[in-house]
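A quick write-up on the structure given underneath.
Because the structure is a prediction, the values reported are computed rather than measured.
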Amino acid sequence: MKIDFHSHILPGIDDGSRSVEESVELLDMMAADGVDIVCATPHFYMHEISIEKFIKRRNEAYATLKEHLRPEHPKILLGAEVLYNHALLRCEEIKQLCLQGTDYLLWEMPYTEITSAIINDTDELAHTDDLKIMVAHIERYLNFTSYSSLAELMSLDVIGQLNAKSFTSFSTRRACKKLIGDGFVYILGTDYHRPTSGHALLSAAEEVIAKKFNPKMIDRIAHNGEKILANEPIHKLNSL
Ligand SMILES: [Fe+2]
């Protein structure tokens, strides 16, 4: 099963799709790419909106889009890309932000150095209730933090997601290779925002993985994705 774990396809809720038309265009692209399931993960910023209001807005955006969906489109699962915020550790409603039907939370780091406070908070969250943490596009933080800090974060009981686009250029591909080699990566996403936003579809990553990495990784990505949707735990042995 081909699953996109990270996208901004819902209309008018964040800096992603601006309209139903753009959302449908993105879904057409994903359908042509053979995507079975796409996780709609609009940005959640705790300093801007309450969880209750966010869920309401997200569900409304989905309801608007739903009328325009066609059978060939990937199935949409609702979730959120939750920006790190210390206050979320004491927030009982956090589970409402998990990917629909699961205890998996897509967790975004701030674009700063990854400090020990952030690492400790993430560790605490990963041991809260049944929460399971998926760290969003882990390769991006290397623009802001040292590899050792990122490695410390990713050594926790968390799983990492890479963006498909990062496989398509030489320098970011090298970072992907190292992160995969160190056992931090489990799943992929496109992080697609708008049809013109220049992201890459999942097949672009799969092509590079098959040719330059190891084709068996594609089966692992599918296997891990299915486990997540079944809300089963992912073990460190399941890294790519
Ligand atoms: Fe995103």
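Here the shortest heavy-atom pairing between Ile55 and Gln96 reads CD1-O, 3.3 Å. Looking at every heavy atom in both residues, Ala200 comes nearest to Ala164 through O-CB, 3.5 Å. The two residues Pro42 and Asp14 come nearest to each other via the heavy atoms CA-OD2, 3.2 Å. Heavy-atom minimum distance, Ser155 versus Ala151: OG-O, 2.6 Å. Residues Ser149 and Glu113 approach most closely at OG-OE2, 2.8 Å, considering heavy atoms. Nearest heavy atoms, Glu206 versus Ile218: O-CD1, 3.5 Å.
Using a cut-off of 4.0 Å between Lys/Arg side-chain N and Asp/Glu carboxylate O, Glu52 and Lys56 are scored as not salt-bridged.
Between the CD1 atom in Ile118 and the CD atom in Glu152 there is a gap of 11.5 Å [rounded to 0.5 Å]. Atoms CZ and OG, from Arg173 and Ser171 in turn, are 9.5 Å apart once rounded to the nearest 0.5 Å. Expressed to the nearest 0.5 Å, how far CD1 of Ile133 lies from OG1 of Thr128 amounts to 7.5 Å. Atom CG of Asn143 and atom OG1 of Thr145 lie 10.5 Å apart (nearest 0.5 Å). Here the NZ atom belonging to Lys132 is positioned 7.0 Å from the OG1 atom belonging to Thr102, to the nearest 0.5 angstrom. Considering CD1 of Ile234 and NZ of Lys227, their distance stands at 6.5 Å, rounded to 0.5 Å.
Both Met154 and Leu240 are part of a single hydrophobic cluster, where members link through side-chain heavy atoms under 4.5 Å apart. The cluster map of Ile, Leu, Val, Met, Phe, Trp and Tyr, joined by side-chain heavy atoms under 4.5 Å apart, puts Tyr45 and Leu10 in different clusters. Linking ILVMFWY residues whenever their side-chain heavy atoms come closer than 4.5 Å, directly or via other members, leaves Phe144 and Leu83 in distinct clusters. There is no path of hydrophobic side-chain contacts, each under 4.5 Å, that joins Phe184 to Met134. Leu69 and Met30 end up in the same hydrophobic cluster when Ile, Leu, Val, Met, Phe, Trp and Tyr side chains are linked at under 4.5 Å.
In this structure, Ile180 and Ile209 have side chains that are not in contact, with every pair of non-hydrogen atoms separated by 4.5 Å or more. Contact annotation: the side chain of Ile228 approaches that of Ile159 to within less than 4.5 Å [non-hydrogen atoms, C-beta and beyond]. Using a 4.5 Å cut-off on side-chain heavy atoms (C-beta onward), Arg70 and Val24 make contact. Using a 4.5 Å heavy-atom cutoff, the side chains of Ile9 and Leu27 are in contact. Contact check for Leu65 versus Ile76: side-chain heavy atoms found under the 4.5 Å cut-off. With a 4.5 Å cut-off on side-chain heavy atoms, Met46 and Tyr84 do not count as touching. A heavy-atom distance below 4.5 Å is not found between the side chains of Ser166 and His137. Considering only heavy atoms from C-beta on, Ile187 stays 4.5 Å or farther from Tyr104 through its side chain.
By the 30° and 60° cut-offs, the orientation of the rings of His8 relative to His43 is parallel.
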Are Leu202 and Thr190 close enough, and set up right, to give a side-chain contact (heavy atoms from CB on, under 4.5 Å), and what steps lead you there?
CA-CA 6 Å; Leu202 290 182; Thr190 60; 3.9 Å; yes
Tell me, with the steps shown, if Phe5 and Leu229 meet side-chain contact (heavy atoms from CB on, under 4.5 Å).
CA-CA 10 Å; Phe5 275 96; Leu229 298 194; 4.1 Å; yes
Can you list the steps and then say if Leu88 with Trp107 is a side-chain contact (heavy atoms from CB on, under 4.5 Å)?
CA-CA 11 Å; Leu88 279 165; Trp107 188 232; 3.8 Å; yes
Under the criterion side-chain contact (heavy atoms from CB on, under 4.5 Å), I'd like the reasoning laid out for Leu78 against Asn59: C-alpha separation, chi angles, the key distance, then a yes or no.
CA-CA 8 Å; Leu78 299 177; Asn59 293 350; 3.6 Å; yes
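Just one of Leu97, Thr41, Ile51 meets the side-chain contact (heavy atoms from CB on, under 4.5 Å) condition when paired with Val82; it is Leu97.
In this structure, Lys2 places its NZ atom where more than 12 heavy-atom neighbours from other residues, nucleotides or ligands lie under 6.0 Å away. Around the CD atom of Glu48, the shell of radius 6.0 Å holds more than 12 heavy atoms that belong to other residues, nucleotides or ligands. The environment of Lys216 atom NZ is sparse: at most 12 non-hydrogen atoms of other residues, nucleotides or ligands sit within 6.0 angstrom.
Aromatic pair Phe213/Phe167: ring centres closer than 6.0 Å.
Here the side chain of Asn163 pairs no donor or acceptor atom with the backbone of Lys165 at under 3.5 angstrom. The main-chain N or O of Tyr186 is found under 3.5 Å from a side-chain atom of Asn224 such that the two form a donor-acceptor pair. The main-chain N or O of Ala117 is never found under 3.5 Å from a side-chain atom of Asn120 such that the two would form a donor-acceptor pair. The closest donor-acceptor contact from the side chain of Glu226 to the backbone of Met1 lies under 3.5 Å. Side-chain N or O atoms of Asp103 include none that pairs as donor or acceptor with a backbone N or O of Asn231 at under 3.5 Å.
No side-chain donor-acceptor contact under 3.5 Å links Glu108 and His6. In summary, the side chains of Thr172 and Glu139 do not present any donor paired with an acceptor at a separation below 3.5 Å, with no hydrogens or angles considered. Of the N and O atoms on the side chains of Asp191 and His199, not one donor lies less than 3.5 Å from an acceptor on the other residue.
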